[in-house]
Amino acid sequence: MTTSDTQRPRQGSDILRTALRRNVGAMVGGTVLMGLYQAGETAFPIALGLIVEHTLRNRSLGSLALSIAALAVIITTVSLSWRFGMRILQKANTTEAHRWRVRVAACGLQPVARDVGLKSGEVLTIATEDADQTADIIEVVPLLISSLVAVLVAAVALGLADLRLGLLVIVGTVAILSALSVMSKRIGSSTREQQARVARAGAKVADLITGLRPLHGFGGNHAAFRSYREVSTEAKRQAVTVAKVNGVYAGTALALNAVLAAAVTLTAGWLAFDGRITIGELVMAVGLAQFIIEPLKLFSEMPKYVMTARASAERMALVLAAPPVTTPGQGSPAAGGDLEIDCVRYGSLRKLRFKVSAGEFVAIAAYQPRAAADLARVLAVNVPPHAYEGVVRVSGQEIAELSIEAVRGHMLVNPYDGEIFAGTLRTNIDPSGTSRTVPEAVEASMLTDVVALHREGLDYGVRDRGANLSGGQRQRLSLARALAADSDILVLHDPTTAVDAVTEQLIARGVAELRRDRTTIVITSSPALLDVADRVLVLDDGVITAEDTHRNLLATDAAYCLAVAR
């Protein structure tokens, strides 16, 4: 799923407008039903006042029965309109939140990375909490309008009894909203900061979980925990600040609403005492004064929810409106599997130059791990072509002229720390379910013993990040996935560092046999893999310093022998 620049929202207000525009139908239906609900709620004290008025005048049982029937209709209308109105609005809310979650996830999964400046944990928070809070605008607007309906109906009813009562409600409502709108701005800024700090805490957790095993290995888990505790404490302090602001806001809104209700009640009492309104109108006024607190409370809380939704939308815009790191070409690699690195300078690579012919099995012995990692990043197109000097050519075409999807479909670079997903062995090896070489890949990667250990075979359940597998099993599972992809060009980065020497020998032979006549590059220091390669390139200090077969290099190059001999 991709999104064109013309369709991508540029800021939070665009996102909110898009959400509102897409749900006009649901919002209109929900507004009508919620308006009926609020009108029915308002009509209840009005009906009680009329009942009292008519009962005092004619004392008719027929009028009383009719009034009770009218109350039953009002109660039924209130119940059904609330039920179906909230159902419509919540369905639209949930659907809209889903759309934005998918949209944010799609941005993160696009082949071309975006210049977001956020960690994966922060993006996760944006794709969940912020998407949900942004979609709340779908409910906020109808509830705001329905609350306004209730206030207007109450004002009109009171105004018919006495103009001063109606004006008191209108003027009081405007004054309350004016005061609360100023406070809602503080809530918006505080909420944005809280969301940012919570997202940073989430990102820290994601980083710690990823590096948990190495941290335990060298005793760094306590320092890492202290680091997370500092970040989490900052988020807690900001959350307390937001809670205080929200508390002041809610308390002020409740106090102002109560003052308005009390003013309406006292004014109605004074008018009744003075004989300007009837007893029935007094009952109606007192009932409306008590009822009006709820819609006024809801009405006064809406600015807060609007500011929260806008703050979340602004954070989503950080991802959705972020420009791509690079603008890829539109071409596709030609048939064939040759790869050429021409004077590439990036990181620790210094004008690196070599060529791998189609169908060749080449091993690269990198003396410095950083150089191996830099080379793997360049080949995986994790580094935009404009970020390094020189040219990478795939099947004779420059990578800058090709689309990222086409390059990665033609050339697979399997990292040494390939991620393992929750699912089964089979879904980890063949996520799309389209590979025809799964059995061969399992055999070549020596994953057969893992499959044989479990009655379910390839359908054995794998936990998140391969938590129920050993390091060697996870590495072989990642290698099996790379082999099952059966790409024209396969680049493997240290695929056997976590397996024993015997298994490494078997894997080396299996990979060489399975990839026969297919272009294969292995960045490794494994003697077994170096030995099965057609030729070995020695990468030292960022350049190729030697080239020959593994055995010839062992016999003639003392530095090579020292670097790879085990």
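Remember, it's a predicted structure, so these values are computed and weren't measured experimentally. Only this structure's heavy atoms are used, side chains among them; waters, hydrogens and symmetry mates stay out.
Residues D486 and S435 form no side-chain contact, since every pair of their non-hydrogen atoms from C-beta on lies 4.5 Å or further apart. At a threshold of 4.5 Å between non-hydrogen side-chain atoms, the residues L89 and N23 do not count as touching. With contacts defined as side-chain heavy-atom distances shorter than 4.5 Å, the pair V564/L554 qualifies. Looking at Y388 and V378, their side chains come closer than 4.5 Å, going by heavy atoms from C-beta outward. Side chains of L492 and I523 form no contact here, defined as non-hydrogen atoms less than 4.5 Å apart. The closest side-chain heavy-atom distance from S13 to R310 is below 4.5 Å. F421 is not listed as a side-chain neighbour of D464, based on a closest heavy-atom distance of 4.5 Å or more. Within the 4.5 Å cutoff, no side-chain heavy atoms of E547 are placed close to those of V536.
Across every non-hydrogen atom of P495 and L529, the tightest pair is CG-CD1, 3.7 Å. Counting all heavy atoms, side chain and backbone alike, S478 lies closest to P415 at OG-O, 4.4 Å. The two residues R99 and E96 have their closest heavy-atom pair at NH1-OE1, 2.9 Å. Minimum interatomic distance between A485 and L412 (heavy atoms only, all atoms of both residues): CB-CD2, 3.7 Å. Minimum interatomic distance between A365 and L530 (heavy atoms only, all atoms of both residues): CB-CD2, 4.2 Å. Q473 approaches L447 most closely through the heavy-atom pair O-CD1, 4.0 Å.
For the pair R408 (side chain) and A380 (backbone), a donor-acceptor distance under 3.5 Å is present. Formation of a donor-acceptor pair under 3.5 Å by the R509 side chain with backbone atoms of E513 is not found in this model. Looking at E504, its side chain never comes within 3.5 Å of a backbone N or O of A501 through a donor-acceptor pair. Under a 3.5 Å cut-off, the side chain of T496 and the backbone N or O of V499 do not form any donor-acceptor pair. In terms of modelled atom types and a separation under 3.5 Å, the side chain of T520 and the main chain of R518 share a donor-acceptor contact. No donor-acceptor distance shorter than 3.5 angstrom exists from the side chain of E389 to the backbone of V344, with no hydrogens or angles considered. Panel note: side chain D374, backbone S348; a donor-acceptor pair is recorded below 3.5 Å. The main-chain N or O of D541 is found under 3.5 Å from a side-chain atom of R350 such that the two form a donor-acceptor pair. Distance alone, capped at 3.5 Å, places no donor-acceptor pair between the T524 side chain and the D494 backbone. Of the possible polar contacts, one joining the N468 side chain to the G461 backbone as a donor-acceptor pair under 3.5 Å is found.
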Validation: residues 352-363 side-chain donor-acceptor distances under 3.5 Å, sequence neighbours left out:
unit_1 : atom_1 : unit_2 : atom_2 : d
R353   : NE     : D342   : OD1    : 3.4
E360   : OE1    : S357   : N      : 3.0
E360   : OE1    : R535   : NH2    : 3.3
E360   : OE2    : R535   : NE     : 2.3

inquiry  = Could you walk me through whether I429 and V442 satisfy the side-chain contact (heavy atoms from CB on, under 4.5 Å) test, starting with their C-alpha distance in whole Å, then the side-chain angles of each, then the deciding distance to 0.1 Å, before giving a yes or no?
reply    = CA-CA 8 Å; I429 296 170; V442 169; 3.7 Å; yes
query = Would R481 and N428 count as a side-chain contact (heavy atoms from CB on, under 4.5 Å) if you check the C-alpha gap in whole Å, the side-chain angles of each, and the deciding distance to 0.1 Å?
reply = CA-CA 7 Å; R481 179 168 57 209; N428 268 278; 3.5 Å; yes
request  = Check the pair V392, L339 against side-chain contact (heavy atoms from CB on, under 4.5 Å), reporting the backbone distance first and the verdict last.
outcome  = CA-CA 8 Å; V392 177; L339 175 68; 4.1 Å; yes
request  = Test side-chain contact (heavy atoms from CB on, under 4.5 Å) on L490 and R515 and set out the steps.
outcome  = CA-CA 9 Å; L490 176 62; R515 294 292 301 178; 3.6 Å; yes
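Distance check, rounded to the nearest 0.5 Å: CZ of R474 to CD of E419 gives 9.5 Å. With values rounded to the nearest 0.5 angstrom, I364 atom CD1 is found 5.5 Å from L537 atom CG. From L477, atom CG reaches atom CG of L425 across 6.0 Å, with rounding to the nearest 0.5 Å. With values rounded to the nearest 0.5 angstrom, E340 atom CD is found 9.5 Å from E398 atom CD. Atom OG of S487 is separated from atom CG of N414 by 9.5 Å, given to the nearest 0.5 angstrom. Put simply, CD on E401 and CD on Q397 are 7.0 Å apart, with the number rounded to the nearest 0.5 Å.
A salt bridge is defined here as a Lys NZ or Arg NE, NH1 or NH2 lying under 4.0 Å from an Asp or Glu carboxylate O, and D132 with R101 meets this definition. Ionic pairing of D14 and R17 is present here: one or more N-O contacts between side-chain nitrogen and carboxylate oxygen are shorter than 4.0 angstrom.
Figure legend: cation-pi geometry between R315 and W100 absent, as NZ or CZ is not positioned both under 6.0 Å from the six-membered ring centre and within 45° of its axis.
Side-chain atoms of Y346 and R377 include a donor-acceptor pair closer than 3.5 Å. Donor-acceptor pairing under 3.5 Å is recorded for the side chains of N552 and T549.
Looking at residues two or more places apart in sequence or on another chain, you find a ring pair (Phe, Tyr, Trp, His ring centres under 6.0 Å) between H550 and Y560.
Around atom CZ of R551, no more than 12 heavy atoms belonging to other residues, nucleotides or ligands sit under 6.0 Å away.
For the side-chain hydrogen bond (donor to acceptor under 3.5 Å, both in side chains) condition, the pairs that include at least one residue of residues 441-455, sequence neighbours left out, are D449-R476.
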